[in-house]
Chemist: 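Quick one: the structure is below, questions incoming.
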Amino acid sequence: MKKRQYVTTAIDYPNAAPHMGHVLEKVLADVLVRWFRLRGDEVRFQIGTDEHGIKIQQTAEKERMTPKALVDRNVPLFQDLYRTLGISADLFIRTSDKKVHWPTVEALWKKLQDAGVLEKRTYTGLYCSGCERFVTKKDLVDGLCPDHQIAPQEVKEENWFFALSTETTWLKGLLKKEYKITPSFRKNETFALLEQGLEDVSFSRPKSSLSWGIPVPGDEEQTMYVWCDALTNYISGLGYFTDHEEKKWWDDATITHVIGKDIARFHALIWPAMLKAAGVRIPDQLLIHGFLTSEGQKMSKSLGNVVKPEEVLAHFNGNPDPLRFYLSAEVPVGNDGDFSWKRIDELYDSKLRNQLGNMLNRVLVMMKKDGFGLQINSSRAFDDQVVLEWKQYDEAFENFELHKAIQQVTVWIDRMNAAFNSSAPWKLEGAARANVLSEFAEMLRHASLMLLPFIPESAQNMSTQLGLPYAKKMLEKDFVITKEMRTWGAVKDWKRVGEPSILFPPLLP
RNA sequence: CGCGGGGUGGAGCAGCCCGGUAGCUCGCAAGGCUCAUAACCUUGAGGUCGCAGGUUCAAAUCCUGCCCCCGCAACCA
């Protein structure tokens, strides 16, 4: 039976241009999604932007524009970047979208209210006029805000609160059983939070302090806070609580939220509690990635080491694959990683250019000389080897160890290079020579299929050079890697290889 | 006792969950090949796997304690 997958990423906050952290998450999700599609799953993949909130409001004021104008200016930066990177999302949702997003959010709010989990209370807190936000006593140094050197004032305001504290026990049970969290240490972390007990969370702010957002239904003086607004994108994109609900993507799919470690707790605790109150099923799993440092240090504007994805793309002449390869191979899923210019160049040269690209070229150039003909003999040994490679590859993906899957391919390419030297086909003649070369072409065919989720365009390029009949269709969303394609010598209508060309050109100094 | 991650040859990392010849990339040395994008292959030098105990026939891997880095601590991916 066909499996159905609903994959989402966090929605990005567009108060500034996208950076490498955004890219890490989207590439991770995209690789996973492409693998799902290639194995034949029915997939829906959603990304988007979280456009409301005080920060957008403030940034807009600074730049003397309306919040709407600010997000309309910034959101295309994200959309264009993701298009260039080949992020194969089916829907890009924007929380400022009153047609797609708002109806679901408003309906959800009412459902929560009906369920009795929302309550209006007076909240008393310390407000720093410099930060323009509430601070806690722990933030203060000698009673002063460390950023602004002023004493915060005690302010009372009305907030709607969501009853999370009562869900502690239920959430423990949920995390123990149904709700899977990868990597597992994030689950332990969440349990530690639960042990401390949960507090109710603020679900709205007065319009006077937060105006850029969705008004609370029936209480126009209040604006929704991030939770009910942003998290809800995962179901508003499916039209939930409207006349065009696409329930099959939620009720009958495996739901995977790909998110960063900073928002893990909200997805692990608040989101399920909201859904429970609204009578909607709980998602299946969270895939939580770490953060990227830049040249070993925390990425920050003040250090000036923020890496812009556009610069990386430009460095490789607009080819997204070196960056996709780097993030997939160098950053183990769940761990923090580092972005280094030196390292990405190193990897490009050694792995992609000298090992992969050159391997393909050395085979194809010889085959071209011999007239492009292909003759793959059946072979028990190669059969077994290919089966094993695919098995390990699948296992890595199933455990979300994407770095292992791609590293396995590069290791195989390594072995091919060594085997090519010891086979020394340039010393052979006739049928022996043709057979050896064809064997390498067949191995490269498998490798290009395995690389497809990671570096789609380059993998397709490989397959085109190999002259594969299916090469043209490889980037289509309904392309599936069939049993034949995974079997040694089983692509029967593949008789000739194509014209060789340089897969990864040397970089200009 | 707030929470978590990390400390492995010159640099950067994997391995640790499921103990059993210490692996990868770059760099370095020597040799080989000549099909190929001056690419490829082989061999070698270089590590008491943060420190100290413990469990075990056997520990980078499990347990305990300590030291040092780095994040997070409710809206910075």
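Below, chain A is the first sequence line, B the second, and so on; all start at residue 1.
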Chemist: Once you round it to whole Å, what is the distance between P of C33(B) and CZ of Arg362(A)?
Modeler: 14 Å

Chemist: Could you give the CZ-to-C1' distance, from Arg353(A) to C40(B), as a whole number of Å?
Modeler: 13 Å

Chemist: Classify the ring geometry between Phe203(A) and Phe162(A) as parallel (under 30°), tilted (30 to 60°) or perpendicular (over 60°).
Modeler: parallel

Chemist: RNA chain B in dot-bracket, Watson-Crick or G-U pairs under 3.5 Å, [ ] crossing, | other strand?
Modeler: .(((((((.[[[[.)....(..]]]].(((((.......))))).....[[[[[..)....]]]]])))))).....

Chemist: For the pair Arg343(A) and Asp338(A), find out whether any cationic side-chain nitrogen is under 4.0 Å from an anionic carboxylate oxygen.
Modeler: no

Chemist: The side chain of Arg265(A) is closest to which nucleotide in this list: C35(B), A73(B), A77(B)?
Modeler: A73(B)

Chemist: Roughly how far apart, to the nearest Å, are C49(B) and G19(B) at atom C1'?
Modeler: 15 Å

Chemist: Tell me, please, which residues at least two apart from Tyr326(A) pass ring pair (Phe, Tyr, Trp, His ring centres under 6.0 Å).
Modeler: Phe339(A)

Chemist: Tyr393(A) vs Phe397(A) aromatic rings, parallel, tilted or perpendicular, using cut-offs 30° and 60°?
Modeler: perpendicular

Chemist: Could you give the distance separating C68(B) and G50(B) at their C1' atoms, to the nearest angstrom?
Modeler: 8 Å

Chemist: Could you pick out which residue, His403(A) or Asn417(A), lies toward the 5' side of RNA chain B when each is mapped onto its nearest nucleotide?
Modeler: His403(A)

Chemist: C28(B) and C33(B): how far apart are their P atoms, nearest whole angstrom?
Modeler: 22 Å

Chemist: Provide the distance between the two C1' atoms, one in U21(B) and one in A39(B), to the nearest whole Å.
Modeler: 33 Å

Chemist: Taking only the C1' atom of each, what is the distance from C24(B) to A14(B) in whole angstrom?
Modeler: 7 Å

Chemist: Which is true for Gly290(A) with a 4.0 Å heavy-atom rule: it touches a base, it touches only sugar-phosphate, or it touches nothing?
Modeler: base

Chemist: What is the distance from NZ of Lys308(A) to C1' of A77(B), rounded to the nearest Å?
Modeler: 18 Å

Chemist: When you compare G7(B) with C63(B), how far apart are their P atoms, in angstrom units rounded to a whole number?
Modeler: 15 Å

Chemist: How far does the C1' atom of G12(B) sit from the matching atom of U55(B), given to the nearest Å?
Modeler: 34 Å

Chemist: Look at the rings of Trp109(A) and Trp160(A) and say which category their plane angle falls in: under 30° parallel, 30 to 60° tilted, over 60° perpendicular.
Modeler: perpendicular

Chemist: Quickly work out the Leu194(A) CG to G4(B) P distance and round it to whole Å.
Modeler: 14 Å

Chemist: In terms of ring plane angle, is the pair Trp412(A) and His446(A) parallel, tilted or perpendicular, where the classes change at 30° and 60°?
Modeler: tilted

Chemist: Kindly state which residues belonging to residues 419-426 of chain A come within less than 4.0 angstrom of RNA chain B, counting heavy atoms of the residue only, listed by number.
Modeler: Phe420(A), Asn421(A), Trp426(A)

Chemist: Name the nucleic acid region contacted by Gly21(A), choosing base, sugar-phosphate or nothing; use a 4.0 angstrom heavy-atom cut-off, strictly under.
Modeler: base

Chemist: Rounded to whole Å, please give me the gap between OH in Tyr13(A) and C1' in A77(B).
Modeler: 14 Å

Chemist: Would you kindly give the NZ-to-P distance between Lys404(A) and G23(B), to the nearest whole Å?
Modeler: 17 Å

Chemist: Among residues at least two apart in sequence or on other chains, which ones pass side-chain hydrogen bond (donor to acceptor under 3.5 Å, both in side chains) with Asn361(A)?
Modeler: none

Chemist: Do any N or O atoms of the protein come closer than 3.5 Å to N or O atoms of nucleotides 42-46 of chain B, and which pairs are they?
Modeler:
none

Chemist: Starting at the 5' end of RNA chain B and moving along, which residue's nearest nucleotide shows up first, Trp227(A) or Ile263(A)?
Modeler: Trp227(A)

Chemist: Base, sugar-phosphate or nothing for Val226(A)? Non-hydrogen atoms, less than 4.0 Å.
Modeler: base

Chemist: Does Leu437(A) reach a base, just sugar-phosphate, or nothing at all? Heavy atoms under 4.0 Å.
Modeler: nothing

Chemist: For Asn358(A) and U37(B), what is the distance between atoms CG and P respectively, to the nearest whole Å?
Modeler: 7 Å

Chemist: Evaluate the side-chain hydrogen bond (donor to acceptor under 3.5 Å, both in side chains) criterion for residues Ser165(A) and Glu199(A): first the C-alpha distance (whole Å), next the side-chain angles of each, then the deciding distance (0.1 Å), finally the verdict.
Modeler: CA-CA 5 Å; Ser165(A) 56; Glu199(A) 287 178 30; over 6 Å; no

Chemist: Mind listing the N/O atom pairs, protein and nucleotides 24-30 of chain B, below 3.5 Å?
Modeler:
from, atom 1, to, atom 2, distance (Å)
U25(B), O2', Arg343(A), NH1, 3.3
C26(B), O4', Glu346(A), OE1, 3.3
C26(B), O2', Glu346(A), OE2, 3.4

Chemist: Using only heavy-atom distances, determine whether the side chains of Asn233(A) and Gln46(A) contain a donor-acceptor pair under 3.5 Å.
Modeler: yes

Chemist: For Arg324(A) and Asp30(A), run salt bridge (Lys or Arg N to Asp or Glu O under 4.0 Å): C-alpha distance rounded to whole Å, both residues' side-chain angles, the deciding distance at 0.1 Å, then the answer.
Modeler: CA-CA 10 Å; Arg324(A) 291 180 63 108; Asp30(A) 187 62; 2.7 Å; yes

Chemist: Is the shortest side-chain N/O distance from Lys261(A) to OP1 or OP2 of C72(B) below 4.0 Å?
Modeler: no

Chemist: Starting from P on A14(B), measure out to OH on Tyr326(A) and report it in whole angstrom.
Modeler: 12 Å

Chemist: Are the side chain of Lys187(A) and the backbone N or O of Tyr179(A) linked by a donor-acceptor pair below 3.5 Å?
Modeler: yes

Chemist: Name the closest nucleotide to the Lys55(A) side chain, picking from C35(B), C76(B), A77(B).
Modeler: C76(B)

Chemist: Under a 3.5 Å cutoff, is there a donor and acceptor pairing between the side chains of Glu395(A) and Asn399(A)?
Modeler: no

Chemist: If you apply the rule salt bridge (Lys or Arg N to Asp or Glu O under 4.0 Å), what do you find for Glu330(A) with Lys351(A), and how did you get there?
Modeler: CA-CA 12 Å; Glu330(A) 280 291 286; Lys351(A) 295 288 179 188; over 6 Å; no

Chemist: Indicate the ring-plane relationship of Phe266(A) and Trp227(A), choosing parallel, tilted or perpendicular according to the 30° and 60° boundaries.
Modeler: tilted

Chemist: Under 3.5 Å, is there a donor on one side chain and an acceptor on the other for His267(A) and Tyr234(A)?
Modeler: yes

Chemist: Looking only at side-chain N and O atoms, does Tyr348(A) offer a donor or acceptor that is under 3.5 Å from a partner on Asn319(A)?
Modeler: no

Chemist: Determine the Euclidean distance between corresponding P atoms of G15(B) and G6(B); express it in Å to zero decimal places.
Modeler: 9 Å

